[in-house]
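What follows is a short report on a single structure.
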Amino acid sequence: MKHGLTYLFATSAVFLSACGGGDSGGGDSGGGEQPVAKVSLQLASEQVSLQLSQGDALPLTVSGTWSGSNLGASQVFVKLYDQNNQYISPVVSAALSGNSFSLDTQLNIDLQVGQYTPTLTLVACKDASCTSLYPDSQEALTLQLDVAKVPEWQTHQANAAHNGYVPVLLNTNNFAKLWEWQRAPSSEPIGGINAPVGGNGEVYLSTDVYFGDAAVIALDELTGKENWRLSFGNVPALNPPAINDDTLFIATSGHQDTKVWAIDRALGKLKFQTNFSSQWGHYLAPTVYDDKVYQTGGYYGGFTYAFDINDGVQAWSQSPGTSWGMDTPAVDANHVYVHSGNELTVFDKNTGDKLSTIQDLFGNSNYDYHGSPVIGTEGRVMAYSGGAFSGRASSNAEHFEDRVISSFDVVKKEYRWASRFTYKTFFATHNGVVYAGKNNPASLDAIDEDTGEVLWSWVAPTTQDTSFHRNVVVTKNLLFVSTNAHVYAIDLQTREQVWSYDEPGTLAITDNRILLLATGAQESDGRLIAFDLRAN
């Protein structure tokens with residue numbers, strides 16, 4: 001099975017074939033008019049379709065063959081351009097030798113979301129600056145471009161599928177640190193922050209507290225300047241936030257303080273609060289999908305709640321299915337998925353009706369879950385088997401246990417496979433491959449989503465890197481992972497390190513290609529660092 005571990009966005013190739021013969025004659029040997037030098041190009045295809053995300057510097061390669069007549073000692077160059085340099089960077093080949101050529105360029109990163117049909121022009125030139133052209137050599141190529149919006153980092157592991165995938169193409173030559181933010185000191189014993197979310201120019205974080213001053217804070221994405229702050233006062237626990245287009249959702253927990261709060265993203269003002277049940281639970285970020293926000297809870301665990309995003313009215317609640325805490329549902333167009341540590345349960349997204357339960361062969365329900373189901377391809381859902389323990393009354397503290405990854409077929413309602421090794425990180429998956437960090441032995445593994453077999457592994461380059469932590473994030477061409485000592489970016493094609501930073505922590509990438517690092521391998525130290533990943 002081919003998994004496309006090379007660049008899936010694909011360098012787009014347009015192939016040309018020569019037309020006409022290689023006849024060097026055609027003139028009057030009797031000393032008449034000098035024959036005209038000509039070069040002939042012919043497009044094998046008049047149209048190329050490309051899909052990209054806004055801001056992708058997508059490579060474009062035009063390759064082919066050529067033929068000429070009456071050239072003598074003249075050189076031949078080939079130029080590719082569009083009329084206003086709006087869609088590609090113009091490019092000219094070196095002087096051609098043989099009968100083939102290749103032109104490499106890239107699409108403009110400033111293209112806005114939408115569909116475009118530009119015409120590119122290919123011409124044969126007599127000089128490297130293309131001031132003089134061979135007559136009648138011009139050919140046209142029509143591009144069909146579909147430029148998609150990059151999604152915000154909305155919740156635990158990016159989205160409602162919790163797959164850790166951000167559909168962007170990144171150029172590592174431009175990574176730069178933007179700013180650093182620090183939670184102010186207080187008497188509150190934890191002092192950390194929860195996993196951040198971000199989009200549309202803002203980053204949102206919450207203070208992790210144990211009966212402390214709980215607040216959710218909005219920062220400017222490019223400067224780190226605080227835009228607004230909303231305080232909850234002294235509460236037992238404040239959990240990580242989640243966002244949709246206009247609202248931030250966040251849960252406080254601990255007996256009578258257990259609520260989901262909805263906050264206007266633009267103004268930082270409360271829209272509503274709605275109660276659910278919990279004893280002393282801590283949770284991952286809620287999951288937002290369409291018109292509902294989904295939250296796990298229950299006084300003794302085990303419950304899943306669905307609330308209307310506009311007014312907080314409870315649409316449904318269902319039990320059993322979840323653990324004691326530190327979990328969140330995964331949601332797709334029709335279903336809600338939860339894992340108790342012992343089994344995967346599937347609910348109807350709209351009604352809450354329980355549709356199926358699949359036993360986890362390696363499961364247990366001894367502790368909080370510390371994770372979520374991850375929606376893969378072709379009816380597959382992956383999840384860690386069994387609960388885990390952090391030893392802390394904290395929603396940002398990492399668990400101790402390494403666990404196997406289990407795969408479930410939710411269409412056939414059956415258990416599929418368990419990973420050969422045990423893993424620690426919140427894993428990511430894209431294009432049929434699961435990426436997870438393990439610590440015995442320590443490596444980042446690429447796992448076949450279909451079979452559970454390890455396809456390839458990456459080992460961190462220094463002796464300081466003894467273990468993997470927190471979460472994995474994958475893009476179209478790079479993978480980001482944290483060890484105990486560094487954050488690394490790994491090229492998916494070469495499987496080599498292309499960037500690193502000498503602090504570990506929890507990772508997120510916003511729609512504007514800003515990498516967020518909440519520092520701390522096993523628990524937050526209260527800092528957030530932002531890096532600019534844009535190709536500008």
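The first residue in the sequence is number 1, and the count goes up from there. In what follows, every heavy atom counts, from backbone to side chain, and hydrogens, waters and symmetry copies are set aside.
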Look up atom [atom1] in [X] and atom [atom2] in [Y], then write down how far apart they are to the nearest 0.5 Å.
| X | Y | atom1 | atom2 | value |
| --- | --- | --- | --- | --- |
| Leu455 | Asp448 | CG | CG | 5.0 Å |
| Phe426 | Gln157 | CZ | CD | 7.5 Å |
| Phe307 | Asp311 | CZ | CG | 11.5 Å |
| Asn439 | His469 | CG | NE2 | 6.0 Å |
| Thr483 | Phe468 | OG1 | CZ | 6.5 Å |

Side-chain ([X]) to main-chain ([Y]) donor-acceptor, under 3.5 angstrom:
| X | Y | value |
| --- | --- | --- |
| Asn484 | Thr466 | yes |
| Arg470 | Thr519 | no |
| His162 | His156 | yes |
| Gln54 | Val147 | no |
| Glu221 | Ile514 | no |
| Ser443 | Asp445 | no |
| Thr429 | Val433 | yes |
| Asn364 | Gly387 | yes |
| Trp179 | Leu528 | no |

Give me the atom names and distance for the closest heavy-atom approach of [X] to [Y].
| X | Y | result |
| --- | --- | --- |
| Thr223 | Asp220 | N-OD1, 3.0 Å |
| Ser390 | Ala397 | CB-O, 4.0 Å |
| Ile263 | Gly268 | CG2-C, 3.8 Å |
| Ala436 | Tyr423 | CB-CD2, 3.6 Å |
| His339 | Tyr369 | ND1-CE1, 3.5 Å |
| Ser253 | Pro236 | O-CB, 3.4 Å |

Is it true that the side chains of [X] and [Y] contain a donor and an acceptor less than 3.5 Å apart?
| X | Y | result |
| --- | --- | --- |
| Thr422 | Asn440 | no |
| Ser406 | Tyr415 | yes |
| Thr296 | Asp327 | yes |
| Thr328 | Thr287 | yes |
| Asp332 | Tyr337 | yes |
| Asn200 | Glu152 | no |
| Asn512 | Thr510 | no |
| Ser278 | Tyr283 | yes |
| Ser323 | Asp368 | no |

Salt-bridge criterion met for [X] and [Y] (N-O under 4.0 Å):
| X | Y | value |
| --- | --- | --- |
| Asp402 | Lys424 | yes |
| Lys349 | Asp291 | no |
| Glu523 | Arg392 | yes |
| Asp450 | Arg380 | yes |

Test log, rule side-chain contact (heavy atoms from CB on, under 4.5 Å), inputs Phe303 and Phe276: CA-CA 10 Å; Phe303 267 82; Phe276 69 102; over 6 Å; no
Full working for side-chain contact (heavy atoms from CB on, under 4.5 Å) between Leu478 and Asp491: CA-CA 5 Å; Leu478 300 180; Asp491 188 296; 4.3 Å; yes
Side chain to side chain contact (heavy atoms under 4.5 Å, CB included) partners for Asp146, two or more places apart: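 Result, side chain to side chain contact (heavy atoms under 4.5 Å, CB included) vs Asp146: Gln51, Gln115.
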Test applied, ring-ring contact (aromatic ring centres under 6.0 Å, His included); reference residue, Phe427; option that passes from Tyr435, Tyr384, Phe421: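 Single pass found, and it is Tyr384.
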Criterion side-chain contact (heavy atoms from CB on, under 4.5 Å) on Leu170 and Phe480, from CA distance to verdict: CA-CA 12 Å; Leu170 298 173; Phe480 293 82; 3.8 Å; yes
More than 12 heavy atoms from other groups under 6.0 Å of NZ on Lys177: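 Yes, the 6.0 Å shell around NZ holds more than 12 heavy atoms from other groups.
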CA sep, side-chain torsions, deciding dist, call: Tyr367, His399, ring-ring contact (aromatic ring centres under 6.0 Å, His included): CA-CA 10 Å; Tyr367 306 108; His399 54 283; over 10 Å; no
side-chain contact (heavy atoms from CB on, under 4.5 Å) between Arg513 and Asp56, intermediate numbers included: CA-CA 10 Å; Arg513 289 173 165 79; Asp56 281 356; 2.3 Å; yes
Whether Tyr204 and Trp228 hold their rings parallel, tilted or perpendicular, with breakpoints at 30° and 60°: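 Answer is tilted, since the angle falls between 30° and 60°.
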Heavy-atom side-chain contact between Glu202 and Asn227 under 4.5 Å: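 When only atoms from C-beta onward are counted, Asn227 and Glu202 do touch, with a gap below 4.5 Å.
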